[in-house]
Each structure stands twice: as structure tokens, then as C-alpha cells.
Amino acid sequence: MAESAVPSATSPQAEPSAAPLRLPIRDIVPWAVLAVVLAAILIYFVGAEQGATSIFGGTWVHEFTHDGRHLLGFPCH
């Protein structure tokens with residue numbers, strides 16, 4: 001019973017500290033651009049797709065996003 005229940009930092013079984021995770025900017029930029037474009041499209045459809053700024057005719061987009069407008073605080077009527 002000479003062994004301790006808690007391994008010490010000097011014991012051979014202790015794991016070395018992990019190196020920090022490095023992400024190159026080249027890997028992040030395409031995903032960041034995609035996220036910004038999708039967010040802009042979502043904000044347009046929820047916040048501005050009605051009336052004079054409407055891209056699609058009719059009111060189906062407005063009715064589809066109606067509850068989301070109220071939830072996010074966009075006035076629609």
C-alpha cells in the first residue's frame with residue numbers, strides 16, 4: 001500500500017498538458033462568409049419582405065414569417 005490514490009505530477013503516468021487548438025484563418029473565413037450571407041437573407045425575409053420592398057408577389061412570405069416578425073420585434077401591421 002505504498003502507492004497514492006491520487007497520481008502526482010511527477011509520476012510517469014501523468015499526461016502532458018494539451019497544446020492549444022490552432023485554426024488557420026483560411027479555414028474560418030469561408031464559413032464566416034456563409035454565416036453572414038445566410039443571416040442577411042434571414043433578416044431580409046423576416047424583417048423586410050413585404051409591401052414595396054417585396055421580391056416575391058403575394059403575401060405568402062409575409063404570412064410564413066409573420067410570427068417570427070412579432071417574436072423578433074419587427075412591426076408588420
Side-chain angles (χ1 to χ4, degrees):
M1 293 252 141
E3 294 182 24
S4 173
V6 179
S8 66
T10 59
S11 72
Q13 290 100 7
E15 295 182 21
S17 62
L21 179 64
R22 293 180 184 249
L23 290 174
I25 296 297
R26 286 182 168 177
D27 293 344
I28 296 173
V29 169
W31 291 105
V33 170
L34 177 66
V36 167
V37 168
L38 289 178
I41 291 170
L42 180 67
I43 290 295
Y44 170 76
F45 277 111
V46 172
E49 175 64 29
Q50 66 181 13
T53 62
S54 180
I55 292 176
F56 302 104
T59 61
W60 65 274
V61 174
H62 173 83
E63 294 303 325
F64 184 73
T65 61
H66 188 91
D67 293 337
R69 290 172 191 259
H70 290 294
L71 180 68
L72 295 173
F74 286 99
C76 63
H77 47 93

Quick one: side chains of residues 66-76, donor-acceptor pairs under 3.5 Å with protein atoms, not counting sequence neighbours, listed by atom name and distance.
from, atom 1, to, atom 2, distance (Å)
His66, ND1, His62, NE2, 3.3
His66, NE2, His70, NE2, 2.9
His66, NE2, His77, NE2, 3.4
Arg69, NE, Val46, O, 3.4
Arg69, NE, Thr65, OG1, 3.3
Arg69, NH1, Val46, O, 3.3
Arg69, NH1, Gln50, OE1, 3.3
Arg69, NH2, Glu49, O, 2.9
His70, NE2, His77, NE2, 3.2

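- The side chain to side chain contact (heavy atoms under 4.5 Å, CB included) check on Ile25 picks up Val29, with sequence neighbours excluded.
- Criterion: ILVMFWY side-chain heavy atoms under 4.5 Å apart, direct or through other members. Under it, Leu38 and Phe45 are not part of a common hydrophobic cluster.
- Residue pairs meeting the side-chain hydrogen bond (donor to acceptor under 3.5 Å, both in side chains) criterion with at least one partner in residues 18-29, sequence neighbours excluded, do not occur; the list is empty.
- Every residue was checked against the side chain to side chain contact (heavy atoms under 4.5 Å, CB included) condition with Val36, not counting sequence neighbours, and none meets it.
- The same ILVMFWY cluster, assembled from side-chain heavy atoms under 4.5 Å apart, contains both Val33 and Ile41.
- Taking the side chain to side chain contact (heavy atoms under 4.5 Å, CB included) definition, one finds that Ile43 meets it with nothing, sequence neighbours left out.
- Take Phe64 and apply the side chain to side chain contact (heavy atoms under 4.5 Å, CB included) test, not counting sequence neighbours, and it matches no residue.
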